[in-house]
Amino acid sequence: VQLQACGGGLVQTGGSLRLSCAASGFTFAHYAIGWFRQAPGKEREGVSWIVSSDGSVYYGDSVKGRFTIALDNAKKTVHLQMNNLKPEDTAVYYCAAVSGPTPPAKLLVRLLASWEYWGQGTLVTVSS
């Protein structure tokens with residue numbers, strides 16, 4: 001599985017960015033694609049993910065109401081629209097995926113170790 005991420009950059013507080021992640025090479029029909037981020041000196045945290053089978057989504061508490069994730073199932077591409085960005089959103093954002101013969105268990109995907117495939121990081125910098 002390959003994940004190709006793009007869309008990071010520098011933006012001012014209150015601005016918007018859109019991250020995209022294109023996945024290829026899934027063996028199984030069911031998958032989830034998500035975004036994680038890691039700021040300097042902090043642990044990697046889940047930002048948002050979406051499950052292909054039913055479109056269910058997850059948002060971290062810090063991004064709810066500001067970020068929106070969407071899946072183009074035909075292209076296996078996930079877009080993360082990030083609005084009203086804050087300096088605390090500054091981090092390297094990583095695209096990740098997990099796949100299997102059945103839909104990923106909702107509790108399981110909350111564990112960082114469950115995510116099998118990782119793309120390269122893309123830096124998002126929000127200036128104050």
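Quantities reported herein were computed from a predicted structural model and do not represent experimental measurements. Only heavy atoms go into these numbers, but all of them, side chains included; no hydrogens, no water, no symmetry mates.
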Over all atoms of both residues, closest heavy-atom pair of [X] and [Y]:
X	Y	answer
I33	C21	CG2-SG, 4.2 Å
M82	V124	CE-CG2, 3.9 Å
Q120	A5	NE2-O, 2.9 Å

Let me check something: do [X] and [Y] share a hydrophobic cluster, defined by ILVMFWY side-chain heavy atoms less than 4.5 Å apart, either directly or through other members?
X	Y	answer
V109	V51	no
L80	V92	no
W49	V47	no

Item to check | Pairing residues for Y117 by the ring pair (Phe, Tyr, Trp, His ring centres under 6.0 Å) criterion, not counting sequence neighbours | outcome: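 So Y117 forms no ring pair (Phe, Tyr, Trp, His ring centres under 6.0 Å) with any residue.
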
Item to check | Which residues share a side chain to side chain donor-acceptor pair (under 3.5 Å) with N73, sequence neighbours left out | outcome: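 So N73 forms a side chain to side chain donor-acceptor pair (under 3.5 Å) with Y31.
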
Item to check | Full working for side-chain contact (heavy atoms from CB on, under 4.5 Å) between W118 and R44 | outcome: CA-CA 12 Å; W118 292 85; R44 191 169 298 190; 3.4 Å; yes

Checklist entry - How far apart are the C-alpha atoms of E116 and V1, what are their side-chain angles, what is the distance that settles it, and do they pass the side-chain contact (heavy atoms from CB on, under 4.5 Å) test? => result CA-CA 9 Å; E116 304 167 279; V1 174; over 6 Å; no

Side-chain donor-acceptor pairs of residues 93-108 under 3.5 Å, sequence neighbours excluded:
unit_1	atom_1	unit_2	atom_2	d
Y93	OH	R37	NH1	2.9
Y93	OH	D89	O	2.7
K106	NZ	D54	OD2	3.4

Item to check | Pairs meeting criterion salt bridge (Lys or Arg N to Asp or Glu O under 4.0 Å) with involvement of residues 4-16, two or more places apart | outcome: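 Pairs touching residues 4-16 that pass the test: none.
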
Next on the checklist: Show me the pairs that pass salt bridge (Lys or Arg N to Asp or Glu O under 4.0 Å) and involve residues 77-87, at least two apart or across chains.
Outcome noted: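 Not a single pair qualifies under salt bridge (Lys or Arg N to Asp or Glu O under 4.0 Å).
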
Item to check | Flag if over 12 foreign heavy atoms under 6.0 Å of CD, Q12 | outcome: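 Incorrect, the count does not exceed 12.
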
Checklist entry - Would you say the side-chain atoms of S20 pair up with the backbone N or O of H79, donor to acceptor, closer than 3.5 Å? => result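 Pair absent, no side-chain N/O of S20 close to backbone of H79.
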
Checklist entry - Does S52 use its side chain to pair, donor to acceptor, with the backbone of A32 at less than 3.5 Å? => result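 Side chain of S52 to backbone of A32: no pair is present.
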
Working to the nearest 0.5 angstrom, can you tell me the gap between [X] [atom1] and [Y] [atom2]?
X	Y	atom1	atom2	value
L19	Q81	CG	CD	9.0 Å
T68	R18	OG1	CZ	11.0 Å
Y58	I69	OH	CD1	11.5 Å
W35	T122	CH2	OG1	6.5 Å

Checklist entry - Does the gap between the ring centers of F36 and W115 come in under 6.0 Å? => result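 They qualify: ring centres under 6.0 Å apart.
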
Next on the checklist: Are the side chains of F67 and L17 in contact, using a 4.5 Å heavy-atom criterion?
Outcome noted: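 SC-SC contact between L17 and F67 ruled out.
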
Checklist entry - Do the non-hydrogen side-chain atoms of T13 and P87 ever get within less than 4.5 Å of each other? => result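 Contact flag for T13/P87 side chains = yes.
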
Item to check | disulfide bond (SG atoms under 2.5 Å apart): pairs with one or both residues in residues 98-128, sequence neighbours excluded | outcome: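 Every candidate disulfide bond (SG atoms under 2.5 Å apart) pair involving residues 98-128 fails, so no pair, neighbours aside, qualifies.
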
